[in-house]
Amino acid sequence: MHSRKLLSSTSKFHQIHLIFKNPFLGTHKFSTQSTPPHSLPEDPQILTTQLIISYCKKGLLKEARKLFDEMLERDVVSWTAMISGYTSCYRYNQAWMVFCVMKREGIEPNEFTISSVLKACREMECCYCGAMVHGLAIKYGMDGCMYVENALMDMYATCSHSMDDACMVFERIQEKNAVTWTTMIARYTDRGDGLAGLRVFQRMLQEEVELSTFSCSIAIRSCASIRSHTFGKQIHAAVVKHGFNSNLPVGNSLVDMYCKCSCLSEAYEHFHEMPERDLITWNTMIAGFERSGSHWSLHLFSQMGSQGLNPNCFTFSSVVAACANLAALNCGQQVHGGIIRRGLETNMALANALIDMYAKCGNVNDSFRIFTKMPRRDLISWTSMMNGYGSHGYGREAIGLFDKMVDSGIKPDQIVFMGVLSACSHAGLVDEGLKHFNSMVVDYSVKPNQEIYGCVVDLLGRAGRVKEAYELIEKMPFQPDETVWGALLGACKAHGISYLGRLAAQKILDLRPNGAETYVILSNIYASDGKWGEFAKMRKLMRGMASKKEAGRSWIEVRNHVYSFVVDDKMGCAQIELVYRGLEMLVQHMKEAGYVPDSDCLLYDMEDGT
DNA sequence: CTAGGGTTAG
């Protein structure tokens with residue numbers, strides 16, 4: 001811990017001299033004026049405290065701390081200024097340490113100190129520290145102060161394992177203000193319980209608390225988190241009624257809510273009608289389009305540039321993902337250039353997105369180049385690289401990365417195991433895959449979910465070990481879902497095992513009776529078994545269903561332009577004839593190499609008997 | 001000198 005330095009000159013004039021040398025109080029002003037402005041306090045202790053605050057506001061913590069250490073007498077205000085200075089610059093440990101020294105020196109904290117230090121506890125997610133401060137607050141009789149109560153509630157809501165402690169504080173608050181309500185709604189939403197957040201919002205309305213832009217934007221985020229278009233629209237109506245429409249946070253959260261509820265046209269409509277848009281508005285809309293309309297996302301990105309807005313790492317992470325979805329390598333490389341030009345390539349989230357983008361564009365070597373150059377890697381970096389290797393069939397490399405990741409001290413999660421197992425599955429590394437599956441629970445205490453079981457069923461099934469796959473399904477600790485049965489069905493189809501195939505298809509149809517492709521596979525199994533009566537039944541059921549299946553679309557980027565195709569496409573690009581000629585050549589090559597076309601899943605050709 | 005709101009990655 002630091003020691004308090006004593007100045008050689010102990011006069012108050014020395015401290016005032018220090019202050020006049022300081023740039024933030026404007027030395028030039030004082031030197032030209034004969035008397036300082038009246039607003040400046042004459043007490044050097046107060047002056048120094050204000051100087052500390054100015055330094056902290058500029059992020060000059062070292063300078064602030066030096067001044068603080070050199071102070072001859074420090075009252076509770078100076079201590080609190082130093083503590084809140086550290087918290088406002090995200091140095092929560094330092095804030096906490098200053099608080100501890102303060103207590104040791106026998107300075108009694110006030111409600112300002114307590115609420116500042118509670119913020120530090122909250123950010124450190126240290127419920128233990130927070131509870132200790134709670135005790136002090138009670139001891140000094142500050143637990144009736146609004147600021148302390150709200151800060152306590154927020155601390156428990158953020159750090160405690162459940163919302164129970166926060167609720168206890170909340171219910172005891174006699175006069176709840178706007179901050180009390182909004183904090184509660186926001187914390188429920190942060191924990192993924194948007195519905196509970198909305199219930200608090202509803203109670204707030206019942207108690208006739210006036211709506212504000214704050215409460216509206218938070219409540220809209222709650223709607224977004226539970227994808228409730230219904231509630232979202234209702235709050236939107238209230239927003240219009242209160243004239244909050246022109247408020248940016250409210251407008252931005254509305255755009256996000258409509259996007260998350262998959263109402264992209266409504267989102268865009270609102271985006272379009274907003275009187276003012278900032279970077280966050282554009283980022284939200286671009287991110288919203290990324291998932292289900294990547295080309296719109298890229299279009300919006302270029303529009304944003306022509307509006308004179310400078311993209312940040314949030315913008316780029318969506319745009320890189322959009323390029324990955326489209327497998328648009330050229331575009332992705334240009335975006336990568338833009339990232340480097342802005343010095344954002346050190347951003348971990350962006351590097352992760354680039355790894356994924358290059359892998360999905362087929363350049364897994366570029367992915368690895370980015371991966372190796374990263375100074376620090378998180379779980380997502382490793383997962384992205386593993387998935388990149390896995391999707392290119394490099395199972396051994398993916399396993400190697402997994403081991404290195406564990407060695408570097410990062411704990412794998414379910415998604416990492418998904419990556420390792422699917423890499424093993426694609427590379428035919430059955431025993432390695434099973435080994436990792438078994439060590440999941442034993443060595444890493446990660447519980448396998450449906451998807452992971454589906455992956456192991458796929459792993460066994462691809463290798464022809466269909467019976468083992470079925471046994472695994474029977475041993476599953478929960479009811480197998482569509483993905484699991486789908487994996488088994490795929491294996492049965494590939495290895496011509498009709499008995500288990502019929503069973504799997506039936507299970508899928510029980511879960512999702514309108515799955516046209518399942519009927520196709522099932523009818524083909526009946527056909528191959530010569531059960532023509534059943535086959536006819538299936539075909540009858542399928543009639544009228546085929547139209548419900550959406551056409552699969554493929555696309556390719558050539559010279560900065562994305563061309564997309566559907567089966568029997570006649571509308572495509574001008575060189576469509578050339579494309580078909582190329583395709584015929586390829587099919588000829590494949591047939592010469594011994595390829596037999598698989599028509600099991602051709603839905604449209606069924607009626608011709610092909 | 002103190003408290004509350006909006007956007008991103010597998």
Side-chain angles (χ1 to χ4, degrees), chain A residues 46 49-50 52-54 56-57 75-85 87-88 109-119 122 142 145-155 157 177-187 189 212-222 224 244 247-257 259-260 278-288 290 311-321 324 347-357 359-360 378-388 390-391 413-416 418-419:
Chain A
I46 296 176
T49 304
Q50 293 201 345
I52 288 171
I53 296 159
S54 324
C56 290
K57 272 189 189 150
D75 63 0
V76 60
V77 180
S78 334
W79 284 95
T80 307
M82 200 61 239
I83 293 168
S84 71
T87 47
S88 61
N110 64 12
E111 57 269 41
F112 293 96
T113 325
I114 297 297
S115 57
S116 298
V117 84
L118 279 171
K119 185 185 173 186
R122 186 191 74 199
M142 293 168 197
C145 164
M146 202 69 254
Y147 283 102
V148 172
E149 286 177 312
N150 284 338
L152 266 174
M153 192 187 75
D154 198 1
M155 182 278 297
N177 67 6
V179 179
T180 319
W181 292 102
T182 52
T183 303
M184 219 43 190
I185 303 168
R187 294 300 163 254
T189 310
S212 69
T213 53
F214 290 103
S215 54
C216 284
S217 58
I218 299 168
I220 294 163
R221 179 160 68 98
S222 309
F244 296 153
N247 176 273
L248 270 173
V250 170
N252 291 342
S253 60
L254 278 169
V255 173
D256 185 49
M257 183 272 294
C259 288
K260 295 246 164 81
D278 64 0
L279 185 57
I280 295 173
T281 321
W282 284 89
N283 286 350
T284 310
M285 199 64 242
I286 290 171
E290 181 265 307
N312 66 4
C313 50
F314 290 102
T315 328
F316 278 118
S317 84
S318 302
V319 172
V320 171
N347 180 291
M348 188 146 45
L350 278 184
N352 296 347
L354 285 168
I355 290 172
D356 185 55
M357 186 273 290
K360 286 192 176 142
D378 66 0
L379 184 67
I380 299 162
S381 322
W382 291 94
T383 315
S384 307
M385 196 61 237
M386 266 181 245
N387 284 341
S391 61
D413 68 352
Q414 285 185 334
I415 301 164
V416 172
M418 263 308 288

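Convention: sequence-line order gives letters A, B, ...; per-chain numbering from 1.
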Take the protein atom CD of Glu111(A) and the nucleotide atom P of dT2(B), then report the distance between them rounded to whole Å.
13 Å

Check every strand shown and say whether Asn177(A) touches a base, only sugar-phosphate, or nothing at a heavy-atom separation below 4.0 Å.
base

Of the candidates dT7(B), dA3(B), dG10(B), the side chain of Asn283(A) sits closest to dT7(B)

Distance in angstrom units between Ile380(A) CD1 and dA9(B) C1', rounded:
6 Å

Does a side-chain heavy-atom distance below 4.5 Å link Asn387(A) with Ser384(A)?
no

Ignoring the backbone of Ala287(A), work out which of dC1(B), dG5(B), dT8(B) is nearest its side chain.
dT8(B)

Scan Leu379(A) against the nucleic acid and name what it touches under 4.0 Å (heavy atoms): base, sugar-phosphate only, or nothing.
base

Ile355(A) CD1 to dA9(B) P, straight-line distance once rounded to whole Å
16 Å

Checking side-chain hydrogen bond (donor to acceptor under 3.5 Å, both in side chains) for the pair Asn150(A)/Thr180(A): CA distance, chi angles, key distance, verdict?
CA-CA 6 Å; Asn150(A) 284 338; Thr180(A) 319; 2.8 Å; yes

Does the ring of Phe112(A) lie flat against the base of dC1(B), closer than 5.5 Å centre to centre with planes under 30°?
yes

For Thr183(A) and Asp154(A), run side-chain hydrogen bond (donor to acceptor under 3.5 Å, both in side chains): C-alpha distance rounded to whole Å, both residues' side-chain angles, the deciding distance at 0.1 Å, then the answer.
CA-CA 7 Å; Thr183(A) 303; Asp154(A) 198 1; 5.0 Å; no

For a 4.5 angstrom cut-off between non-hydrogen side-chain atoms, does Asn352(A) reach Asp378(A)?
yes

Could a donor-acceptor pair under 3.5 angstrom be found where the side chain of Thr383(A) meets the base of dG10(B)?
yes

From CG of Asp378(A) over to P of dT8(B), roughly how many Å is that when rounded to an integer?
17 Å

Identify which nucleotide among dG10(B), dA9(B), dG4(B) has an atom closest to any side-chain atom of Asn352(A), counting heavy atoms from C-beta outward.
dA9(B)

Shortest side-chain distance from Ser116(A), nucleotide among dG5(B), dG4(B), dT2(B)
dT2(B)

Under 4.0 Å between a side-chain N/O of Arg122(A) and OP1 or OP2 of dG4(B), yes or no?
yes

Counting C-beta onward and ignoring hydrogens, is there a side-chain heavy-atom pair between Ile280(A) and Thr284(A) closer than 4.5 Å?
yes

Are any of the side-chain heavy atoms of Asp256(A) and Asn252(A) separated by less than 4.5 Å?
no

At 4.0 Å (heavy atoms only), tell me whether Lys360(A) reaches a base, stays on the sugar-phosphate, or touches nothing.
nothing

For Asn347(A), report the nucleic acid contact type (base, sugar-phosphate, nothing); a contact means any heavy atom under 4.0 Å.
nothing

What contact category does Ser78(A) fall into here, base, sugar-phosphate, or nothing, at under 4.0 angstrom with non-hydrogen atoms?
nothing

Do Arg122(A) and Leu118(A) have side-chain heavy atoms sitting under 4.5 Å apart?
no

Classify the nucleic acid contact of Ala178(A) as base, sugar-phosphate or nothing, counting any heavy atom under 4.0 Å across all strands shown.
base

Per the atom types in the model, does the base of dG6(B) pair as donor or acceptor with the side chain of Asp278(A) at under 3.5 Å?
yes

Within the 4.0 Å heavy-atom criterion, would you say Ile53(A) contacts the bases, only the backbone, or no part of the nucleic acid?
sugar-phosphate

With respect to the side chain of Leu248(A), which nucleotide from dT2(B), dA9(B), dG6(B) is positioned closest?
dG6(B)

Whole-Å distance separating the CE atom of Met155(A) from the C1' atom of dT2(B):
16 Å

By the 4.0 Å heavy-atom rule, please label Thr284(A) as base, sugar-phosphate, or nothing.
sugar-phosphate

CH2 of Trp282(A) versus C1' of dG6(B): gap in Å, rounded?
17 Å

Of the candidates dG6(B), dT8(B), dG5(B), the side chain of Phe214(A) sits closest to dG5(B)

Closest to side chain of Asn110(A), choosing from dG6(B), dG10(B), dC1(B)
dC1(B)

Regarding dG6(B), can its base be found pairing with the side chain of Asn247(A) as donor and acceptor, where the two atoms are less than 3.5 Å apart?
no

Using the side-chain heavy atoms of Arg221(A), tell me which of these nucleotides is nearest: dT7(B), dG10(B), dC1(B).
dT7(B)

Mind calculating the distance between CD1 (Ile114(A)) and P (dT2(B)) to the nearest angstrom?
15 Å

Between P of dG6(B) and CD1 of Ile218(A), the distance in whole Å
6 Å

Among dT8(B), dT7(B), dG4(B), which nucleotide sits nearest the side chain of Thr182(A)?
dG4(B)

Looking across every strand, which nucleic acid part, if any, lies under 4.0 Å from Thr49(A) by heavy atom: base, sugar-phosphate, or nothing?
nothing

Of dG5(B), dT8(B), dA3(B), the nucleotide closest to the side chain of Asp256(A) is dT8(B)

